[in-house]
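The structure appears below as structure tokens.
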Amino acid sequence: MSDRRYYERDEYRERSHDRGRSHGRDYERTHRDRNGRRDHGEGSSSHGYGRSSHSSRHDDRSRSNSSRYDRRSSRERDRYSPPGRSSAYESSSHRPYESSRRSSYGSPERSSSRYESSSRKSSYDYDSYDRPRASSSKVPYYEYEGGGSGSSSHRSHYPSERSPPPPLPQPSTSFRPPKTRGFRGGGGGRGSKRGGGDASRGSRRGNRAITDLIVTRPTSLNTKKGTTGTTITLLANYFRIIKKPDWNIYKYRVDFIPEVEALNHKKAIMRRQIPKLGSFQFDGAMIFSPYKYASDPMVIVEKDEKDDPIQINVRFVGQLLSTDGQYTHLLNLIMRATIESLNMQRAYGPKGTKYFDALQKIDINTQNLQVWPGFCTAIRQHERDIMICTELTHKVIRMENCYNVMQHYSRDPDSVKKELIGKVVVTEYNNATYRIDDVDFSLSPSSSFEKKSGERTTFLQYFRDRYNCTIRDTRQPLLVSRSKAKDVRAGRPEVLNLVPELCRLTGLTEEMRTNFRLMRDLAQHTRVKPDMRVKRFLELNRRIQHEEKARDVMRKWEMDLDRHLVEFTGRVLPTELIYFGNRQEETPRNADWTGALTRNRLFETDKLINWHCVCTNRDFGVVSKFLSFLSSAARNSGLDLADPRIIRIDNPRVQAYINAIEQACNDSSQIIMCVVPSQDASRYGAIKKKSFVERAVPTQVILTKVMSNDKILKSVSAKLMVQMNCKLGNAPWTVKIPASGIMTVGFDVTYDVRDKRKSYGALVATMDLRQCNSFFSTVSQHSHGEEMSNFLVVNMMKALKQYQYIHHEPPKKIIFYRDGVGEGDLSHVLEFEVRKLSNDLKAMYGEGAPKLTYIIVTKRINTRLFSRTHHGECTNAPPGTVVDDIITLPERYDFFIVSQSTKEGTISPTSYNVIFDESGFSADKIQIWTYKMTHLYYNWSGNVKVPAVCQYAQKLAFLVGQFINQEPTHLLEKKLYFL
């Protein structure tokens, strides 16, 4: 039908300061299937200028206990937002700050799987602007709907064997052990919430609480393993941690007499105890160690810096469980210390810590770019073993610096600030990353500041002495980077000043992303095939095995790293048959049925008799030619398509299109096609708002240049016809539905790009798919601080009302797929959303209430699955691959499904976590139903990464939050008008 191109979801997006979405989303692109996603970049430890001291934070992992929900008040959100044009933090004195500053910026990272994953852009979806661009005024071409601390690794000697620590000195008789509150031998110390202790001691790191993992696996669940499908041997990007069978992590409460207030003093004292106690981690109140000390309590006498005696009381609290927050956190600290011994550049981002190898940087001279390859890792307890998940990542750096940008705008303050504020830069002298919050034109490199020693010096002299850098322009203004309030509280500087000449920009501009040649050249280095990806994983393993420091870190914790990727058995579900009109059925190849769609009539069609086309006088000839192709495609597909009434306008201004739509609506138009000459977000938003809010009529927006491209004209017309047919409420295909009485629901949330205090929750539900292929959609707006579960339940009741109206009875079962939930939000969703929905269903229907199954869907994960060919080469796991053991989590009822296929890069599975289930379905049936639902997204003639209702909900929520900014009319709720 058309030349479908696949692009990996390597992430080139720069992270905006206040992301419209804090949760995982996959955003589709347009015709060339650019399903790239907006990445949140990396930062790195560095030196800068400021007023505070150094601190660090632990790394977050997409699959570890680190995903946090930032529940700030609107006042705090405003406080953390970047400043306006005038600097709010200019200071009379500035001094070098030699510490670490974390920031995030875009990279083409992550996995090559991301371009082909989650709803690769529909090859016929020309009316779907699926990727959020809060700061962009452009809309994808086609139709816009078609076409987003280091571990304290001690330097002292650690015992290498699990033997009792050396004999301890006798305690002084002049000291008496302190009385401790809440002590229980089984874990009652104050360092852990689980032990009944005070959350303020031993349970926080940096200003963030370390919470326990949420156990969502039902106690009554016998097995979460399915049986349907053929077995297949798989590899995953995990390495097992080899340890002794009786290996555990023990926690001990530490008290000082007299009390030591400063945390750094406490840590300094405890570091001197390593030869006595063996390897351990100390957080200021608790010791975490692989050793079980013979003496309990243990009393150690030490001298402070004034040579005064200090008594240290060490009491056994208990054993860390795999669900304890400190357990996962401690494992990640150990892994961080191991990776950092490889001398790789560390960078921080919202998805955790990443490590880049600057020595292996790749220069793309033709595009004036540089790519740093790297890794991100996460360690966690899985079903039977502790495993390290390793994934490739890349960092993109532009060769131009901020000084070049200033020269381009002739140092016009307003233009320079508009261009630079919000960007992330990397410093040339130490590869540190910073976010630009302001430009201070009152300062220059000739300005002086006061150092920590009290000596005053200039920026010129400082860089010359410390980094041997010569600043050429002594009159250039300085950049300002401001730490967030929580970072300031953690001891980081409030204000950092940077020299533009020494700061290189990172990430890609909008212009770069639309440059096909640039993206192609970049993808050659970032789109890694499975076989090469596995080789790079093994190469990292070899580096760890051959690095003495890395082996020493793991040896001190009595660990070793398996030299091979984990290998296990998975299953491949049977291929789903695709049903078209006239009872024709087709077997898709590689999760794609584009060819079958062109050969067969659509499953459901309608009569499109009264419809309109709006175009400019200049485009009338191109539109007439395109309409003839569209009519031919309609005849082949069984759609009764009459010629449209063409409304010609004199100019492409917004008001001209609004007037034309009003005219068409007065003529009772079924659907309106708007042909626009260029991408313009304001015009697109005005068209959609007029049609979806005021007039309740579906619209199709398409670019003139798409119609005028003869090479793809036939393909575009055929696919556009399919999309228009869907907007009228018809299904182009379906799959075999094994059970009746089931409502499938998808829910997603996005923020309003104009007002971050508002967000929109979109719910899309199927009716009984065994009887009819109809959907119900609704959107609700809620402000920051309002409980989302209230809106979710109200929308759910609307969907149930529509179900009863069609089928005259409520559904027997509801399978609810919830997207956009981080690990830190699981308890909130379970406690509020699930509980309220379940209670309201029982209150409404009594004993006949539908049985609810609630599943969390996570697309952005680091897990990769590979299979081997007969020649021993690694390739992508085939579509339908299910994994429900070995790499899943013991505290969850979870599984992975690979629902798509790709010829380039590495495919990414989707993680499903069943947090509530009263349906009585076996794990097999839930997995099969989930896989079936990935076939029903009508904007793409192939499988998508998530169940179709999730993809519909994401698309609807994004359309409303990005363009319409208010709830659509309820008159369109029974159609997929937002495709």
Side-chain angles (χ1 to χ4, degrees), residues 21 23 25 692-693 696 729 742-752 758-769 774-807 810-811 813-821 825 828-845 849-857 915-916 933 936 946-962 964-979:
R21 307 166 64 88
H23 312 305
R25 300 281 185 272
F692 294 166
V693 177
I742 300 177
M743 170 186 276
T744 308
V745 184
F747 185 80
D748 204 351
V749 182
T750 190
Y751 287 105
D752 190 319
K758 297 179 182 178
S759 57
Y760 296 94
L763 182 144
V764 177
T766 69
M767 301 298 103
D768 189 342
L769 291 176
S774 59
F775 294 80
F776 177 86
S777 63
T778 181
V779 182
S780 61
Q781 173 189 306
H782 47 92
S783 302
H784 181 76
E786 291 184 291
E787 179 52 53
M788 190 181 302
S789 60
N790 297 329
F791 299 92
L792 186 150
V793 171
V794 170
N795 290 340
M796 190 66 208
M797 295 308 162
K798 293 180 181 178
L800 287 169
K801 183 178 180 180
Q802 176 65 16
Y803 188 101
Q804 287 185 269
Y805 176 78
I806 294 178
H807 302 293
K813 293 179 174 62
I814 298 174
I815 301 180
F816 198 110
Y817 294 97
R818 175 70 158 90
D819 201 353
V821 177
D825 305 325
H828 180 84
V829 171
L830 189 60
E831 182 178 355
F832 291 94
E833 293 185 12
V834 178
R835 178 179 297 178
K836 183 172 178 57
L837 180 57
S838 177
N839 291 342
D840 286 9
L841 287 174
K842 293 175 182 177
M844 177 176 289
Y845 296 103
K851 303 299 182 182
L852 177 64
T853 300
Y854 207 95
I855 304 175
I856 302 298
V857 182
I915 65 172
F916 185 82
M933 292 301 104
L936 299 179
V946 296
V949 286
C950 281
Q951 194 62 45
Y952 288 134
Q954 179 267 315
K955 187 170 180 57
L956 175 57
F958 174 71
L959 175 67
V960 176
Q962 184 79 12
I964 302 178
N965 308 116
Q966 61 187 97
E967 297 179 14
T969 175
H970 66 89
L971 299 177
L972 292 173
E973 291 177 339
K974 303 173 186 178
K975 300 178 180 179
L976 298 175
Y977 63 92
F978 47 86
L979 290 184

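For reference, positions follow the sequence shown, starting with 1.
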Closest non-hydrogen atoms of Ala957 and Asp748, given as atom of the first, atom of the second and distance, are CB-O, 4.1 Å
Rounded to the nearest 0.5 Å, the CD1 atom of Ile855 sits from the CZ atom of Phe816 at a distance of 11.0 Å
Rounded to the nearest 0.5 angstrom, the OG1-CD distance for Thr778 and Glu973 is 4.5 Å
Q. Is there a side chain to side chain contact (heavy atoms under 4.5 Å, CB included) between Leu769 and Met933 once you walk through the steps?
A. CA-CA 10 Å; Leu769 291 176; Met933 292 301 104; 3.9 Å; yes
Heavy-atom closest pair (Asp840 atom, Val793 atom, distance to 0.1 Å) is OD2-CG1, 3.1 Å
With side chains defined as the heavy atoms from C-beta onward, is the minimum distance between Ile806 and Ser774 less than 4.5 Å?
yes
Check your understanding: Under the 3.5 angstrom rule, does the side chain of Tyr751 hit a backbone N or O of Gly961 as a donor-acceptor pair?
Key -> no
- Message: I'd like to know whether Gln951 forms a side chain to side chain contact (heavy atoms under 4.5 Å, CB included) with Leu936, so could you lay out the CA-CA distance, the side-chain angles of the two residues, the decisive distance to 0.1 Å, and finally the verdict.
- Response: CA-CA 10 Å; Gln951 194 62 45; Leu936 299 179; over 6 Å; no
message: In terms of relative ring orientation, are Tyr952 and Phe978 parallel, tilted or perpendicular, with 30° and 60° separating the classes?
response: perpendicular
>> Applying side chain to side chain contact (heavy atoms under 4.5 Å, CB included) to Lys842 and Ser838, what does each step give before you reach the verdict?
In response: CA-CA 6 Å; Lys842 293 175 182 177; Ser838 177; 3.7 Å; yes
With distance as the sole test, does Asn839 use its side chain to make a donor-acceptor pair with the main-chain N or O of Arg835 at under 3.5 Å?
-> yes
request  = Output yes when a side-chain donor or acceptor of Gln781 lies under 3.5 Å from a complementary backbone atom of Lys758, and no otherwise.
outcome  = no
query = Distance-only, no hydrogens or angles: does the His782 side chain make a donor-acceptor pair with backbone N or O of Phe791 under 3.5 Å?
reply = no
Derivation of the side chain to side chain contact (heavy atoms under 4.5 Å, CB included) call for Leu959 and Ile964 | CA-CA 7 Å; Leu959 175 67; Ile964 302 178; 4.2 Å; yes
When every non-hydrogen atom of Ala799 is compared with those of Met743, the smallest separation belongs to O-CE, 3.5 Å
Decide if atom OH of Tyr845 counts as having more than 12 heavy atoms of other residues, nucleotides or ligands within a radius under 6.0 Å. yes
Query - Close side-chain approach of Thr744 and Phe775, heavy atoms under 4.5 Å - result: no
Taken to the nearest 0.5 Å, the spacing of Gln804 CD from Met767 CE works out to 10.5 Å
Correct closest heavy-atom pair for Tyr803 and Pro810 would be CE2-C, 3.7 Å
Pairwise side-chain contact, Val960 with Glu967, heavy-atom cut-off 4.5 Å (strictly under)
no
So CZ of Phe776 and NE2 of His970: to nearest 0.5 Å the spacing works out to 10.0 Å
Got Met796 and Leu763 here, is their nearest side-chain heavy-atom distance under 4.5 Å?
yes
Distance col, row Gln962:CD vs Thr750:OG1, nearest 0.5 angstrom, shows 7.5 Å
In this structure, CG of Asp752 is separated from CG of Asn965 (nearest 0.5 Å) by 4.5 Å
Closest non-hydrogen atoms of Val857 and Asp819, given as atom of the first, atom of the second and distance, are O-OD1, 3.3 Å
Next on the checklist: Using side-chain heavy atoms (C-beta onward) and a distance below 4.5 Å, is Met797 in contact with Leu841?
Outcome noted: yes
Which of Val745, Leu852, Ile814 passes side-chain contact (heavy atoms from CB on, under 4.5 Å) with Leu837? Answer is Leu852
Scanning both residues in full, the closest heavy-atom pair of Ser780 with Asn795 reads OG-ND2, 3.1 Å
